[in-house]
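Reviewing the structure listed below.
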Amino acid sequence: MGENLARRILRAHLVSGETKAGEEIGIRIDQTLTQDATGTMAWLQFESMGVPRVRTELSVSYVDHNTIQMGYENPDDHRYLQSAARKYGAFFSRPGNGICHQVHLEQFARPGRTLLGSDSHTPTCGALGMIAIGAGGLDVAVAMGGGPFYLKMPAIVGVRLTGSLPPWASAKDVILELLRRLTVRGGVGKIFEYFGPGLKSLDVFARATIANMGAELGATTSVFPSDKAARTFLRTQGREGDFVPMEADGDAAYDETIDLDLSKLEPLVACPHSPDNVRPVRELAGTPVAQVCIGSCVNGSWRDLMVAAGILRGGMVHPDVSMTVSPGSRRTLMMLAASGGIEALTAAGARLLECACGPCIGMGQSPASGSASLRSFNRNFEGRSGTDDAAVYLASPEVCAASALRGAITDPRSLGKSPPRIRMPRRFSADESGIIPPETDPVKAASLPTIYGPNIKPAPKGSPMPDSIRGRVAIKLGDNITTDHIMPAGEWLKYRSNVPKYSEAVFVRVDPSFPAKARQIRDGGEAVVIVGGANYGQGSSREHAAMVPMFLGLKCVLAVSFARIHRDNLVNFGVLPLTFADPADVSAFDPGDEIFLHDVRRELLSGDSVAVMNSTKNRRIVCRHGLTGRQIEIVLAGGLLAWTATRGA
Ligand code: MIC
Ligand code: SF4
């Protein structure tokens, strides 16, 4: 049997291990991306490693999440990031230039390369035949320093596409259908590789939408071949020279295969509060919406916004709806202007926002209390929009635009017209005004300062694992807890580089007394323990969801299962992630229980089982750590930075 594309790219980048599903491999990283909300910490951690220049082929530092600049905190972060990029050899994408994933796809993604990004939607660039993976900031900092990225070799799932999309269905419906079938846990430990005759009807923008939202499946990444569509895309972006054909062998083997007939799809919508709560739009038709938001990194391309413009052209946004548009990039915005899209959207009453994440991460445009918001975005976790009781729905730009006209969720097939015909321009705007290259002279670079503001505090460090852990359960949670539950963004986003301040927000939407309780446990000399359900820590890559609770004394999380990036982040900050050998044992724990892990250092080294004593209930529960030898060493050392330092010594 032949080789699939994902394995081929991984094998070409292998520095340790074997590409057997489940084994730890180390891979060389060609490109990195960081964004401002995770980037300040990532760059501070990079600086603390003492490496004079990034050692990747390409590193880009984006500012796209925090662009509201209420107060000095965000602009101070931006200034620091710009100074660090210039000094250490990274390109800097200025605020307003666009969302990292869209800009990276347009300007930097290259078939066959690896990309590691401190953002969970980094897999977007898998649309161009890359292995693009989201990770915590510290892992990205290590990659910028030339270190490999370690992961358990994922199972490769081949998604065979046949047929072509019917009118009014689009790429968003492909990934929503997969979420409906597989759920937000269905992709953990897997790479989704798309192949088959259905591919030819999907251009790179469509592929990017699918790869982007593969993150919602919990997948490690998604990958498409670099074929004719990739070449056309690169040509339109003025980068045909970057094209390299990359495809799986004709008889490639996959660990699993999924069949998806595109012609059977219809417009779908993800209902509150999870991207996998998917239903056909027709079943929800008539549900009133007060807000419609189009754009973001999943559906903010020129194609997506032109479709919305085409639907709205000559019509008017319903008087009860506030409609916003956030283009994915400045190039998109410029092309939209040149193609008449801006005019159509504005004349219909849409509000044009900056090319940035904006409402997707609760940076502005929170919906009114108890209202429904329909968004062409990728996440609808409870409270993420900034309004706790808002009902957020996710759908394609087609469904969003049709619903904006009617003021209620609308199946676009009921508009009684055919979908707008969008033809990819021969050439996109070549605008590069948003990218600032680094200082190339190493002597000059070395003399440049990095500029800190008063909101930028050092990254906290973990402490070595004690021989035994005496702790207390500070909180017990259900399944699918997101990092937005653990460390909210929105109004708190400006404290990403100020951990003492940000620690006031840990679990604030779930249990506002958590920070005080955790501090009390910590200051009483015990370790903080969290008990979670299945898929604990799903969603974003923000390492703050590990780092900040660690700052409050977290030493161990007991859960039914973990999301990949969050589990890695816990390890990176010296926090022990344990799963119950019998998932039913989660019921043996309650908040306030006293926990004892006897001789835990020795236990970690001697096998996969760790005994957790619940002293309050007088029960001994068997847990598993599932850590690799390297990860055990990191946890024992108190985190990745400490481990790297001991190895250096
Ligand atoms: C998100 O979509 O949740 C974010 C905000 O982009 C995060 C990164 C962050 O928390 O800064 C992500 O997806 O990793
Ligand atoms: Fe930004 Fe939203 Fe994309 Fe995250 S998901 S990168 S917040 S647009």
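Indexing begins at 1, ligand by ligand and atom by atom, following the structure's order.
For the 3.5 Å distance criterion, the side chains of Asp431 and Ser429 fail to qualify, holding no donor opposite an acceptor. Side chains of Gln35 and Asp119: a donor on one and an acceptor on the other come within 3.5 Å. No side-chain N or O of Ser561 forms a donor-acceptor pair with one of Asn535 less than 3.5 Å apart.
Remark: minimum distance from atom 8 (C) of ligand 1 to any protein heavy atom is reached at Gln35 NE2, 3.2 Å. Among protein heavy atoms, the minimum distance from atom 10 (O) of ligand 1 is reached at Arg542 NE, 2.6 Å.
Looking at Ile361 against ligand 1, only its side chain comes within 4.0 Å, counting heavy atoms. The side chain of Asp119, and not its backbone, has at least one atom closer than 4.0 Å to an atom of ligand 2 (non-hydrogen atoms only; side chain from C-beta on). In His101, neither the side chain nor the backbone holds a heavy atom less than 4.0 Å from any atom of ligand 1.
Within the sub-2.8 Å shell of atom 2 (Fe) of ligand 2, the protein contributes these N/O/S atoms: Cys360 SG.
Numbered from 1 in the order shown, with element, the atoms of ligand 1 that lie under 4.0 Å from a heavy atom of Asp119 read 4 (C), 6 (O), 7 (C), 8 (C), 12 (C), 13 (O), 14 (O). Less than 4.0 angstrom separates some heavy atom of Ser541 from each of these atoms of ligand 1: 12 (C), 14 (O). Each of the following atoms of ligand 1 lies closer than 4.0 Å to a heavy atom of His65: 4 (C), 5 (C), 6 (O). Close approach of ligand 1 to Arg384 is summarised as follows: ligand atoms under 4.0 Å from at least one heavy atom of the residue are 1 (C), 2 (O), 3 (O). Close approach to Arg379 involves these atoms of ligand 1, each under 4.0 Å from a residue heavy atom: 1 (C), 2 (O), 3 (O), 12 (C), 13 (O). Atoms of ligand 1 found under 4.0 Å from any heavy atom of Ala37 (numbered from 1 in listed order, with element): 11 (O). Less than 4.0 angstrom separates some heavy atom of Arg384 from each of these atoms of ligand 2: 2 (Fe), 5 (S), 7 (S). Remark: ligand 1 atoms within the under-4.0 Å shell around heavy atoms of Thr38 are 9 (C), 11 (O).
Ring orientation note: the planes of Tyr62 and Phe108 are nearly perpendicular, at an angle over 60° on the 30°/60° scale. The aromatic rings of Phe507 and Phe514 sit perpendicular to each other, their planes meeting at more than 60°, with 30° as the lower class boundary.
The closest approach between any non-hydrogen atom of Met487 and ligand 1 is not below 4.0 Å. Distances from ligand 1 to the non-hydrogen atoms of His544 include no value under 4.0 Å. Residue contacts with ligand 2 do not include Gln35, since none of its heavy atoms lies under 4.0 Å from the ligand.
Taking the side chain as every heavy atom from C-beta outward, Phe192 and Lys190 approach each other to under 4.5 Å. Side-chain contact between Ser48 and Leu641 is present, with at least one heavy-atom pair separated by less than 4.5 Å. Contact check for Trp302 versus Met335: side-chain heavy atoms found under the 4.5 Å cut-off.
At under 3.5 Å, not a single nitrogen or oxygen of Asp484, backbone or side chain, sits near a nitrogen or oxygen of ligand 1.
For an aromatic pair to be called close, the ring centres must be under 6.0 Å apart, and Tyr536 with His566 satisfies this. For Tyr495 and Tyr502, the gap between ring centers reaches or exceeds 6.0 Å. A ring-centre distance under 6.0 Å is not found for Phe573 and Phe551.
Tested against Leu554, the residues Val528, Val548, Val506 include a single side-chain contact (heavy atoms from CB on, under 4.5 Å) partner, Val528.
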